[in-house]
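Numbering of residues begins at 1 and proceeds along the displayed sequence. Quick note: numbers below take in every heavy atom, side chains included, and nothing from hydrogens, waters or symmetry partners.
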Amino acid sequence: MAEVDAMDQDAFVRTFGSIYEHSPWVAEAAFAQRPFRTAAALQEAMAAAVRAAPAGRQLALIRAHPDLAGRAALAGEVTADSAKEQASAGLDRLTEEEHARFHALNDAYRAKFGFPFIMAVKRAGKAQILAGFEARLPNDVATETVTALAQIDRIAAFRLAELIKG
(Lines give C-alpha, C1' and ligand atoms only; values in the text may rest on other atoms or scores of the structure.)
Protein backbone atom coordinates (compact mmCIF):
# COMPACT_ATOMS: atom_id res chain seq x y z
CA MET A 1 0.00 0.00 0.00
CA ALA A 2 3.01 2.29 0.32
CA GLU A 3 3.21 2.40 -3.48
CA VAL A 4 -0.45 3.38 -3.68
CA ASP A 5 0.00 6.12 -1.08
CA ALA A 6 3.02 7.46 -2.96
CA MET A 7 1.06 7.92 -6.23
CA ASP A 8 0.16 11.37 -7.41
CA GLN A 9 -3.49 11.95 -8.26
CA ASP A 10 -3.09 11.30 -11.99
CA ALA A 11 -1.37 7.96 -11.42
CA PHE A 12 -3.91 7.02 -8.75
CA VAL A 13 -6.86 7.74 -11.03
CA ARG A 14 -5.19 5.95 -13.96
CA THR A 15 -4.68 2.90 -11.74
CA PHE A 16 -7.99 2.84 -9.86
CA GLY A 17 -10.33 4.89 -12.04
CA SER A 18 -11.88 1.85 -13.70
CA ILE A 19 -12.72 0.06 -10.45
CA TYR A 20 -16.15 1.71 -10.61
CA GLU A 21 -17.52 1.25 -14.14
CA HIS A 22 -16.87 4.34 -16.31
CA SER A 23 -16.70 6.46 -13.15
CA PRO A 24 -13.17 7.72 -12.44
CA TRP A 25 -14.71 10.40 -10.20
CA VAL A 26 -14.88 7.75 -7.46
CA ALA A 27 -11.10 7.32 -7.47
CA GLU A 28 -10.64 11.09 -7.68
CA ALA A 29 -12.75 11.54 -4.54
CA ALA A 30 -11.07 8.66 -2.68
CA PHE A 31 -7.59 10.03 -3.41
CA ALA A 32 -8.07 12.73 -0.78
CA GLN A 33 -8.48 10.06 1.91
CA ARG A 34 -4.88 8.82 1.67
CA PRO A 35 -2.98 7.25 3.28
CA PHE A 36 -4.58 3.84 2.95
CA ARG A 37 -3.17 1.33 5.39
CA THR A 38 -4.89 -1.59 3.65
CA ALA A 39 -6.72 -2.45 0.46
CA ALA A 40 -9.88 -2.60 2.58
CA ALA A 41 -9.33 1.02 3.63
CA LEU A 42 -8.96 2.03 -0.01
CA GLN A 43 -12.15 0.14 -0.89
CA GLU A 44 -14.00 1.81 1.98
CA ALA A 45 -12.82 5.26 0.86
CA MET A 46 -14.15 4.55 -2.63
CA ALA A 47 -17.47 3.23 -1.30
CA ALA A 48 -17.76 6.28 0.96
CA ALA A 49 -17.25 8.54 -2.08
CA VAL A 50 -20.18 6.82 -3.78
CA ARG A 51 -22.36 7.11 -0.67
CA ALA A 52 -21.52 10.82 -0.36
CA ALA A 53 -22.30 11.54 -4.01
CA PRO A 54 -25.54 13.27 -4.96
CA ALA A 55 -28.38 10.99 -6.06
CA GLY A 56 -27.97 12.01 -9.70
CA ARG A 57 -24.33 10.99 -9.72
CA GLN A 58 -25.18 7.69 -8.05
CA LEU A 59 -27.83 7.04 -10.69
CA ALA A 60 -25.31 7.82 -13.44
CA LEU A 61 -22.95 5.28 -11.85
CA ILE A 62 -25.67 2.63 -11.86
CA ARG A 63 -26.55 3.43 -15.47
CA ALA A 64 -22.88 3.14 -16.49
CA HIS A 65 -23.15 -0.64 -16.07
CA PRO A 66 -24.12 -2.91 -18.95
CA ASP A 67 -27.03 -5.32 -18.93
CA LEU A 68 -26.00 -8.83 -17.93
CA ALA A 69 -25.73 -10.92 -21.11
CA GLY A 70 -27.14 -7.92 -22.96
CA ARG A 71 -26.60 -6.54 -26.44
CA ALA A 72 -23.41 -4.67 -25.51
CA ALA A 73 -21.89 -7.84 -24.06
CA LEU A 74 -22.80 -9.81 -27.17
CA ALA A 75 -21.27 -7.13 -29.38
CA GLY A 76 -18.08 -7.00 -27.28
CA GLU A 77 -18.82 -3.41 -26.26
CA VAL A 78 -18.34 -3.77 -22.52
CA THR A 79 -15.24 -3.07 -20.46
CA ALA A 80 -12.67 -5.84 -20.15
CA ASP A 81 -13.59 -6.20 -16.47
CA SER A 82 -17.30 -6.59 -17.25
CA ALA A 83 -16.60 -9.09 -20.02
CA LYS A 84 -14.39 -11.17 -17.73
CA GLU A 85 -16.92 -11.07 -14.89
CA GLN A 86 -19.82 -12.05 -17.12
CA ALA A 87 -17.76 -14.84 -18.68
CA SER A 88 -16.86 -16.17 -15.23
CA ALA A 89 -20.59 -16.63 -14.60
CA GLY A 90 -21.10 -18.39 -17.93
CA LEU A 91 -23.03 -15.50 -19.44
CA ASP A 92 -20.95 -15.70 -22.61
CA ARG A 93 -22.14 -19.29 -23.14
CA LEU A 94 -25.91 -19.04 -22.92
CA THR A 95 -28.28 -21.26 -24.83
CA GLU A 96 -30.81 -19.55 -27.08
CA GLU A 97 -33.49 -20.05 -24.42
CA GLU A 98 -31.29 -18.67 -21.65
CA HIS A 99 -30.39 -15.66 -23.75
CA ALA A 100 -34.08 -14.99 -24.43
CA ARG A 101 -34.78 -15.22 -20.68
CA PHE A 102 -31.98 -12.79 -19.80
CA HIS A 103 -33.13 -10.41 -22.53
CA ALA A 104 -36.73 -10.45 -21.24
CA LEU A 105 -35.64 -9.94 -17.63
CA ASN A 106 -33.21 -7.14 -18.56
CA ASP A 107 -36.00 -5.38 -20.46
CA ALA A 108 -38.54 -5.81 -17.66
CA TYR A 109 -36.10 -4.63 -15.02
CA ARG A 110 -34.95 -1.61 -17.02
CA ALA A 111 -38.56 -0.67 -17.85
CA LYS A 112 -39.53 -0.76 -14.16
CA PHE A 113 -36.47 0.87 -12.60
CA GLY A 114 -34.90 2.96 -15.35
CA PHE A 115 -31.47 1.39 -14.93
CA PRO A 116 -29.84 -2.00 -15.52
CA PHE A 117 -29.99 -4.94 -13.14
CA ILE A 118 -26.72 -4.89 -11.20
CA MET A 119 -25.35 -7.99 -9.56
CA ALA A 120 -21.80 -8.94 -8.66
CA VAL A 121 -21.68 -12.08 -10.77
CA LYS A 122 -18.20 -13.25 -9.85
CA ARG A 123 -18.61 -16.61 -8.11
CA ALA A 124 -22.26 -16.79 -9.23
CA GLY A 125 -23.85 -18.98 -11.84
CA LYS A 126 -26.61 -18.42 -14.37
CA ALA A 127 -29.26 -19.91 -12.08
CA GLN A 128 -28.27 -17.62 -9.18
CA ILE A 129 -28.36 -14.57 -11.44
CA LEU A 130 -31.77 -15.47 -12.85
CA ALA A 131 -33.05 -16.05 -9.30
CA GLY A 132 -31.70 -12.61 -8.37
CA PHE A 133 -33.67 -11.02 -11.19
CA GLU A 134 -36.85 -12.81 -10.07
CA ALA A 135 -36.36 -11.91 -6.42
CA ARG A 136 -35.62 -8.24 -7.05
CA LEU A 137 -38.14 -7.38 -9.78
CA PRO A 138 -40.98 -6.92 -7.22
CA ASN A 139 -38.93 -4.32 -5.28
CA ASP A 140 -39.54 -0.57 -5.41
CA VAL A 141 -37.13 1.90 -7.00
CA ALA A 142 -35.66 3.08 -3.69
CA THR A 143 -34.89 -0.48 -2.58
CA GLU A 144 -33.34 -1.35 -5.93
CA THR A 145 -31.23 1.79 -5.97
CA VAL A 146 -29.74 0.87 -2.59
CA THR A 147 -29.31 -2.75 -3.71
CA ALA A 148 -27.66 -1.75 -6.99
CA LEU A 149 -25.19 0.52 -5.19
CA ALA A 150 -24.34 -2.26 -2.73
CA GLN A 151 -23.76 -4.67 -5.62
CA ILE A 152 -21.57 -2.07 -7.35
CA ASP A 153 -19.46 -1.79 -4.19
CA ARG A 154 -19.16 -5.58 -4.18
CA ILE A 155 -18.06 -5.57 -7.85
CA ALA A 156 -15.53 -2.84 -7.02
CA ALA A 157 -14.17 -4.87 -4.09
CA PHE A 158 -13.59 -7.86 -6.37
CA ARG A 159 -11.90 -5.67 -8.98
CA LEU A 160 -9.72 -3.92 -6.43
CA ALA A 161 -8.64 -7.21 -4.85
CA GLU A 162 -7.64 -8.53 -8.25
CA LEU A 163 -5.78 -5.36 -9.18
CA ILE A 164 -3.84 -5.17 -5.92
CA LYS A 165 -2.92 -8.87 -5.87
CA GLY A 166 -1.92 -8.71 -9.55
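- Under the 4.5 Å side-chain heavy-atom criterion for Ile, Leu, Val, Met, Phe, Trp and Tyr, Met119 and Phe158 are members of distinct hydrophobic clusters.
- By the 30° and 60° cut-offs, the orientation of the rings of His99 relative to His103 is perpendicular.
- Leu137 is listed as a side-chain neighbour of Tyr109, based on a closest heavy-atom distance under 4.5 Å.
- Rounding to the nearest 0.5 Å places CD1 of Ile62 at 4.0 Å from CG of Leu149.
- Note on Val141: it clusters hydrophobically with Leu59, by side-chain heavy-atom contacts below 4.5 Å among ILVMFWY residues.
- Shown here for Leu94 and Lys126, the closest heavy-atom pair between the two residues is CD2-CD, 3.2 Å.
- A 4.5 Å side-chain heavy-atom check between Met7 and Phe16 finds at least one atom pair inside the cut-off.
- The distance from atom OG1 of Thr15 to atom CD1 of Ile164, rounded to the nearest 0.5 Å, is 10.0 Å.
- Looking only at side-chain heavy atoms (C-beta outward), Gln151 and Arg154 come within less than 4.5 Å of each other.
- In this structure, Phe12 and Phe36 have parallel ring planes: the angle between them is below the 30° cut-off, well short of the 60° mark.
- Open room surrounds CD on Glu96; 12 or fewer heavy atoms of other groups in view lie less than 6.0 Å from it.
- Proximity of Phe102 to Phe133: side-chain heavy atoms (C-beta onward) are separated by under 4.5 Å at one or more points.
- The closest donor-acceptor contact from the side chain of Arg63 to the backbone of Gly114 lies under 3.5 Å.
- A donor-acceptor distance shorter than 3.5 angstrom exists from the side chain of Gln58 to the backbone of Val50, with no hydrogens or angles considered.
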Show your working on side chain to side chain donor-acceptor pair (under 3.5 Å) between Glu21 and Thr79 and close with a plain yes or no.
CA-CA 8 Å; Glu21 195 90 2; Thr79 64; 3.1 Å; yes
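- No side-chain heavy atom of Ile19 sits under 4.5 Å from any side-chain heavy atom of Val26.
- Here the side chains of Asp81 and Ile155 are not in contact, with every heavy-atom distance at 4.5 Å or above.
- In this structure, CZ in Arg136 is found 10.5 Å from OG1 in Thr143, a value given to the nearest 0.5 Å.
- For the pair Met1 and Arg37, the minimum side-chain heavy-atom distance is 4.5 Å or more.
- The distance from the CG atom of Leu68 to the OG atom of Ser82 is 8.5 Å, given to the nearest 0.5 Å.
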